[in-house]
Amino acid sequence: MKFIYADSLDFIDPRYDFATDRNGPGRQLYWDDQYPHEFMATPPYDGILVSRGIVGDHRFTGRYTAGQSMRFRRVGARKFLRFDVGALSEKPIYGDCGAFSYVNEQVPPYSSAEILEFYVDGGFTHGCSVDHVIFDFDREAKGMDGGSDDARRRFEITLENARDFRALSRRYPAFTPLGVVQGWSPDSKALAAQKLESMGYDYLAIGGMVPLNAKSIHICLESIRKKIKPSTRLHLLGFAKAEQISEFTKYGIESFDSTSPLLRAFKDARANYYVLKADGALDYYTAIRIPQATENSRLLRATKEGRYRQEDLTELETAALAAVRDLDKGKGSVDRALETVLAYNKLFMLDPTKDEKQNERALEVTGTHLLRTLKDRPWKNCHCRVCESASVEVLIFRSSNRNKRRGFHNLGVYYDYVRRQLNVEHQATDVEVPSRRRAAKR
Ligand SMILES: [Zn+2]
């Protein structure tokens, strides 16, 4: 099972100076920055997925600047991503058409020929057919029952595009096309999968799973698996439940793409820093929030309204940074660090729309999670390049360079987790290979 990282230009400046919160001298965005596979000692994924929606074009603005998008088209995905050095050049690059960027359109804005050209010119090894997202989901609908007119229309469009895409891609034997499955129910998805298989696809990408809960995903995968050959490979598109992937491996998942380990570093309320427990399970720590007083929107508003004075904020911010750095160096106590950080946190955590009790409770919960981070000091036990070079800075929720470094660390831990899960499964099912030989093979 391959973990494919869905990139959206998340890189870091390796020369970033934490003491002054400045980029390396003369740093040029992108050119001096590094992707996770460049910064980490070992690439923390098996391949990369690039969505057309992220690259953007004249119809939709993506994450790329016009210049980046032009360079991407000129030099191809691999060179642009700097995924072309040594062993990296052997790893796959998947493409998808970013169906969420045109979800509100009547029909997808791309023809199969257009998207295929985008993949082939870009040097993608794998690419998905042009799908149209279906919003309805009815877990109980049997066969082709249920589904709104719009859902059925999107279902047909997705299949029609897949038929064209498959036919056109036969001209490029080195390129692997994936047919995208869309449906409004487990059975309609399974039927779509069966139809794609009969078109000649042996690799299917399952779309539309983002809003589904784990139980619905199980039911969908079960019905899809029942209808298709065991040899047909499955890819889970934009799999948001990456932390639960081990539940789903039994459906013969060849690959899945996700960004969630990186995103949780700075988007999750609590689970910001991943660790792998001795039993192979994932565990999470909360990051230490010390935002720049001059950049935090709540603090900025409060100073503008005259509720806080800028110099008081800066004083508390500086004290919080000093306290956690001291703790990292073995000076000062956990209690002092906690107190100092909370004194600053209080200022931007207080929510004027909530009453005093609710605010107090929120601060108390934050304190409990923060205490665990400060007590355990998990960055001390990690030997990845991020933690070794940034030390406690990796746990500080502040500026993109710290937050994304934490994301890189998470990717590394997550990748170890996936590989461990696979080994466990391998050992559970493959009883014939003596354990010693299996170890040597790894
Ligand atoms: Zn680390």
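Every number for a ligand or one of its atoms is a count from 1 in the order of the listing.
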- Query: So D21 and R402, salt bridge (Lys or Arg N to Asp or Glu O under 4.0 Å) or not? Walk me through it.
  - Reply: CA-CA 10 Å; D21 273 311; R402 288 184 189 78; 2.8 Å; yes
Pairing of [X] and [Y] as salt bridge, 4.0 angstrom limit:
X	Y	result
R377	D328	no
D33	R27	yes
R325	E393	yes

- Message: So that I can check it, does any N, O or S atom in C382 come closer than 2.8 Å to the Zn ion (ligand 1)?
- Response: yes
- In H409, which N, O or S atom comes closest to the Zn ion (ligand 1)? ND1
- Message: Rounded to the nearest 10°, what angle sits at the Zn ion (ligand 1) between SG of C387 and SG of C384?
- Response: 110°
